[in-house]
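Please read the structure below before turning to the comments.
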Amino acid sequence: MEGNIAQQECKPASTGVDKDDLVIPLIDFEPFRAGRPAEKHAVAISILNAFKSSGFLYLKNHGIPPSVVSKVFGDSARFFARPQEQKDSLGWTTPQSNRGYVARGREKVSLPDVEASSVEAMRAAIPDLKETMEIGCEGKEGYPNRWPDQLDEEGKEFKQTMLDFFETCKDLHMQIMRAIAIGMSLPEHFFDEFTDGGDNNLRLLHYPPIPKDVFKNNPGQVRAGEHSDYGSLTLLFQDSRGGLQVRSPNNTFVDAVPIPDTIVVNAGDLLARWSNDIIKSTRHRVVEPTSTVEEDDKSNMYPARYSVAYFCNPNMDKFIDALPGTYGDEIGVPKKYEGIKSGNYLVQRLTATY
């Protein structure tokens with residue numbers, strides 16, 4: 001099957017980014033959602049080829065209304081505007097749970113081959129300048145979400161907004177995985193049994209206003225350090241500020257500029273492993289973007305940035321091994337990784353991160 005995958009041509013798609021040999025296509029998902037089999041196949045091949053080449057794509061007409069995304073961003077901003085003691089009362093606890101509020105400087109995202117001691121040193125020297133709220137699958141025994149619903153009515157509204165959005169993103173995750181299955185000549189619903197549990201993570205991110213001198217005086221300072229994502233897919237909703245950069249094949253960082261009403265979708269380390277490295281998990285970071293407007297601005301502060309990331313994972317109890325057709329003597333490709341349970345892999349990565 002791998003020979004067939006490698007020979008398939010990418011169907012025409014618009015280009016979101018094309019710089020330094022990094023191409024991030026803009027793919028219309030509507031034909032997959034509502035189209036005939038031939039149209040679904042064309043979209044599936046476009047998605048697979050994007051993940052094979054850059055590991056990133058922009059998705060438009062994905063089925064999530066702008067009003068829903070706007071509501072999530074608004075509720076997120078109001079949550080982060082709460083008094084610090086309220087947020088701290090909902091604090092993150094363990095990698096196994098991965099739920100709750102994470103204060104600025106607590107997390108230091110990293111690469112899979114970085115030693116834990118090095119992560120700790122980087123956290124002390126150049127901490128990630130962000131705070132987050134981590135929301136997992138609701139109702140997991142022993143791992144309750146840390147909701148502000150006991151604080152006030154706004155907290156109750158926040159909980160309902162995020163629960164609804166979690167399920168909306170879960171549905172999109174399953175659809176994209178069906179597209180990947182079709183692109184890899186697997187049955188369309190091959191991944192359903194791996195994704196139906198919704199063992200995903202909804203992360204609300206707030207990058208607070210920062211004095212410009214912080215970046216001028218610390219050349220290595222970033223909003224979020226260079227890293228690759230841990231799971232299968234990430235659905236990223238950006239605000240208009242930007243700052244996301246993706247590492248190119250030329251080892252430069254290229255701006256993944258915000259495109260209104262699109263989702264940036266990227267493959268994670270576990271999906272790359274699952275595909276025997278047919279799919280790429282590409283390194284990226286978040287920096288403080290510059291623009292002519294800001295350069296002319298006399299303020300000594302960079303404004304806040306908000307984003308929402310939905311980290312998609314295989315069900316935690318699933319054993320992840322190289323997919324059929326991605327290795328073997330008949331195609332001359334060895335199996336690169338031993339199988340591993342999804343939950344064990346993710347806990348290992350989170351333990352190093354915090």
Going by heavy atoms in the side chains, are [X] and [Y] under 4.5 Å from each other?
X: Pro148; Y: Gln150; result: no
X: Tyr143; Y: Arg99; result: yes
X: Leu244; Y: Val264; result: yes
X: Ser232; Y: His173; result: yes
X: Ile64; Y: Val69; result: yes
X: Thr282; Y: Asn266; result: no
X: Thr15; Y: Pro25; result: no
X: Thr234; Y: Arg203; result: no

>> Tell me whether the count of non-hydrogen atoms from other residues, nucleotides or ligands lying under 6.0 Å of NZ in Lys341 goes above 12.
In response: no

>> Take a 6.0 Å sphere around CD of Glu338 and say whether it holds more than 12 heavy atoms from other residues, nucleotides or ligands.
In response: no

When you check the gap from the basic side-chain N to the acidic O, do [X] and [Y] get nearer than 4.0 Å?
X: Arg273; Y: Asp277; answer: no
X: Asp192; Y: Arg178; answer: yes
X: Asp88; Y: Arg82; answer: no
X: Asp149; Y: Lys159; answer: yes
X: Glu30; Y: Lys60; answer: no

> Tyr337 and Asn276: side-chain hydrogen bond (donor to acceptor under 3.5 Å, both in side chains), yes or no, with the steps?
Replying inline: CA-CA 7 Å; Tyr337 306 98; Asn276 208 38; over 6 Å; no

>> Is there a side-chain contact (heavy atoms from CB on, under 4.5 Å) between Asn61 and Phe32? Walk through the geometry before answering.
In response: CA-CA 10 Å; Asn61 296 324; Phe32 188 88; over 6 Å; no

Can you confirm whether or not the ring centre of [X] sits under 6.0 Å from the ring centre of [Y]?
X: Phe56; Y: His284; answer: yes
X: Phe165; Y: Phe237; answer: yes
X: Phe73; Y: Tyr306; answer: no
X: Tyr310; Y: Phe166; answer: yes

Please tell me whether [X] and [Y] have a donor and an acceptor in their side chains that are separated by less than 3.5 angstrom.
X: Asn300; Y: Asp213; answer: no
X: Asp261; Y: His62; answer: no
X: Ser228; Y: Asp269; answer: yes
X: Glu131; Y: Tyr101; answer: yes
X: Trp147; Y: Gln160; answer: no

>> With salt bridge (Lys or Arg N to Asp or Glu O under 4.0 Å) as the rule and sequence neighbours excluded, what pairs involving residues 302-329 come up?
In response: Glu193-Lys318, Asp321-Lys335

Taking all non-hydrogen atoms of both residues, which atom of [X] and which atom of [Y] are closest, and how far apart?
X: Pro209; Y: His206; result: CD-NE2, 4.4 Å
X: Gly198; Y: Asn315; result: N-OD1, 3.7 Å
X: Val72; Y: Met162; result: O-CE, 3.7 Å
X: Asn201; Y: Gly136; result: ND2-N, 4.5 Å
X: Ser275; Y: Leu323; result: CA-CD1, 4.2 Å

> Can you check side-chain hydrogen bond (donor to acceptor under 3.5 Å, both in side chains) on Asn313 and Asp199, steps first, answer last?
Replying inline: CA-CA 6 Å; Asn313 308 303; Asp199 283 331; over 6 Å; no

Working to the nearest 0.5 Å, report the span between [atom1] of [X] and [atom2] of [Y].
X: Met133; Y: Phe79; atom1: CE; atom2: CZ; answer: 4.0 Å
X: Ile24; Y: Lys19; atom1: CD1; atom2: NZ; answer: 12.0 Å
X: Lys87; Y: Thr132; atom1: NZ; atom2: OG1; answer: 11.0 Å

> Going through the checks in order, is the side-chain hydrogen bond (donor to acceptor under 3.5 Å, both in side chains) test met by Asp21 and Ser248?
Replying inline: CA-CA 7 Å; Asp21 293 331; Ser248 77; over 6 Å; no

> Which one of Leu57, Leu172, Val265 satisfies the side-chain contact (heavy atoms from CB on, under 4.5 Å) criterion with Phe29?
Replying inline: Leu172

>> Please determine whether side-chain hydrogen bond (donor to acceptor under 3.5 Å, both in side chains) holds for the pair Gln348 and Asn344, giving the CA-CA distance in whole Å, both sets of side-chain angles, and the decisive distance to 0.1 Å.
In response: CA-CA 6 Å; Gln348 289 174 14; Asn344 292 346; over 6 Å; no

> Think Arg285 forms a cation-pi with Phe253, using NZ or CZ under 6.0 Å from the six-ring centre and within 45 degrees of its axis?
Replying inline: yes

